[in-house]
Amino acid sequence: MRRLLAGLGEEERRAFDSHWPSWAHDGQLPDHDDWRQWIVLAGRGFGKTRAGSEWVSAMAREHPGAAIALVGATVEEARAVMVENGRSGLLAVARAEERARMVWQPSRRRLVFASGAEAFLYSAANPESLRGPEHHFAWCDELAKWKRAEAAWDNLRLGLRLGERPRSVVTTTPRPVPLLRRLVAGPHSVLSGGPSWGNPHSSDDYIAAVREAHEGTRFGRQELEGVLIEDVKGALWPRELLEKSRVEMGTLTFPHGGDLSGEGVRKSKCPLTRIVVGVDPPASAEGDACGIVVVGKGEDGTGYVLADLSVSGLSPEGWARKVAAAAEAWGAHRVIAEKNNGGAMVASVLRGADVGLPVTLVHAADGKVARAEPVAVLFESGKARLAGRFPALEDELAGLTYGGGYEGPGRSPDRADAMVWALTELLVKPQRPTPRVRRL
């Protein structure tokens, strides 16, 4: 790249610098051109504002005299973020030769581009201001936080009728608000975006700090990863319940006193007295994942989810050895394995390894939801908690519904089922005295 730039003349270099598609990173451009709404769902600092500004600037450049709506949660936010932002607002991304001919009139909420195209600022909190004005294009920023989103969008769309192909861009950190869900599911929408760390210009220290603080939580997945997280209607584990159930791993100590997950075991508020590994075996190596979830019971009688070690694509011997390794690493007292889909193989491999671990095979007579309901009640009452962050497991838990079965992700809640078997053993069934894995 440096050699290429060195070989360019001054005029060619300026042209290259101003060619946005050459510099945009993944997610800052739509992957095709057949759309009415381009929706950029991304984490904070990803570059959503730059993507929106560059698109609006391109439309103004290509369509002299166009009328463009800039809609923010408030007029103040539209002005500060969409126009005046010193790094990625419309004034900042304008080409050098365009800036002298641009006219920014804050009092009139109007920006005149060098081409003669005009952009007008609107507040989504005042939908009536969008009733009447006509536009060729629109940029809607942080739509997920608009207070009167439906009314503002409907008025905007009714006025988006100028030109042969009126279109709009939405840049937002995702939240499961009805309007955003509707737009994402729309047949004329195209999606792009990515996590905060998808921006190669972000500080490594900043990314490390925010990932350490929030990665894996609902807040982190939404605000950093740009994931649209929705609650399924009638969910056994609503997202709010999962967040309220979370505790830090450092508040627990383990029977064998080991240093687990690289986090270390700090002074305990609740020593664990019993640990089991729940297993939901796959029907075949090419089928669903093998759910492997470690759960412990504290002296306070509370059950804690300690680890999700589920695996995919392994032979029966392969995933059974993963179970054995998990049991030994965590000092488990027992493995609880569903026998419907090859649970006997788990018992065979474990016992053949001579690790001294009792294995209980359970038969799934009831459906997954029926088995899960008593465990969901434990979470609601505070008798079961998540000792850490388990995004894949939590997604499956959030997909189980009262009376409605499983709504995804995937075909089967293998991780959730393994957790349910383990917590049922610890907190629902009468407990039996058992030895645990010896640590040599």
Side-chain angles (χ1 to χ4, degrees), residues 176 216-219 221 229-255 268-280 291-308 310 330 332-336 338 360 362 364-407 413-434:
T217 65
R218 179 174 185 168
F219 178 86
R221 299 187 70 200
I229 301 175
E230 300 187 61
D231 271 331
V232 175
K233 185 176 181 180
L236 286 173
W237 279 271
R239 298 286 181 171
E240 183 179 1
L241 173 60
L242 291 171
E243 290 299 330
K244 288 181 178 179
S245 301
R246 202 180 310 281
V247 297
E248 291 299 321
M249 184 74 74
T251 63
L252 309 174
T253 55
F254 304 88
S268 173
K269 295 181 180 178
C270 181
L272 297 178
T273 60
R274 181 174 164 83
I275 294 176
V276 302
V277 179
V279 182
D280 182 52
I292 305 172
V293 176
V294 184
V295 173
K297 183 177 182 180
E299 286 186 343
D300 59 355
T302 301
Y304 297 93
V305 179
L306 305 174
D308 174 13
S310 304
W330 287 87
H333 298 77
R334 182 170 291 272
V335 167
I336 311 298
E338 182 182 330
T360 297
V362 291
D366 300 321
K368 293 180 183 292
V369 173
R371 295 195 300 273
E373 286 185 6
V375 178
V377 171
L378 295 174
F379 278 83
E380 292 173 358
S381 63
K383 293 296 185 182
R385 296 185 175 277
L386 300 172
R389 304 165 183 172
F390 313 103
L393 169 61
E394 292 171 36
D395 283 349
E396 290 189 0
L397 293 174
L400 289 164
T401 65
Y402 286 100
Y406 180 57
E407 301 294 331
D414 310 292
R415 301 164 189 267
D417 218 24
M419 185 203 78
V420 167
W421 285 124
L423 283 172
T424 298
E425 170 69 17
L426 282 184
L427 303 179
V428 179
K429 290 183 177 179
Q431 293 183 10
R432 61 181 69 83
T434 59

Point-to-point distance, once rounded to the nearest 0.5 Å, from [atom1] of [X] to [atom2] of [Y]:
X	Y	atom1	atom2	result
Leu241	Leu397	CG	CG	9.5 Å
Glu425	Leu423	CD	CG	10.5 Å
Glu299	Leu272	CD	CG	9.0 Å
Arg371	Thr424	CZ	OG1	8.5 Å
Thr302	Lys297	OG1	NZ	9.5 Å
Phe390	Leu306	CZ	CG	7.0 Å

Min side-chain heavy-atom separation Ile275-Val295 under 4.5 Å: no
Do Tyr406 and Thr401 touch side chain to side chain, with heavy atoms closer than 4.5 Å? no
Lys383 with Asp300: basic N within carboxylate O range, under 4.0 Å: no
Just one of Val279, Val277, Val362 clears the side-chain contact (heavy atoms from CB on, under 4.5 Å) bar with Ile336, so which one? Val362
Under a 3.5 Å cutoff, is there a donor and acceptor pairing between the side chains of Thr360 and Arg334? yes
Restricting to salt bridge (Lys or Arg N to Asp or Glu O under 4.0 Å), what partner residues turn up for Asp308, sequence neighbours left out? Arg415
Backbone N/O of Arg389 and side chain of Glu394: donor-acceptor pair under 3.5 Å: no
Would the distance check show the side chain of Ser310 and the main-chain N or O of Ile292 forming a donor-acceptor pair, the cut-off being under 3.5 Å? yes
Could you list the residues that satisfy side chain to side chain contact (heavy atoms under 4.5 Å, CB included) with Lys244, not counting sequence neighbours? Glu240
For Glu243, give me all partners under side chain to side chain donor-acceptor pair (under 3.5 Å), at least two apart in sequence or on another chain. Arg246
Apply side-chain contact (heavy atoms from CB on, under 4.5 Å) to Glu338 and Trp421, showing your working. CA-CA 8 Å; Glu338 182 182 330; Trp421 285 124; 3.2 Å; yes
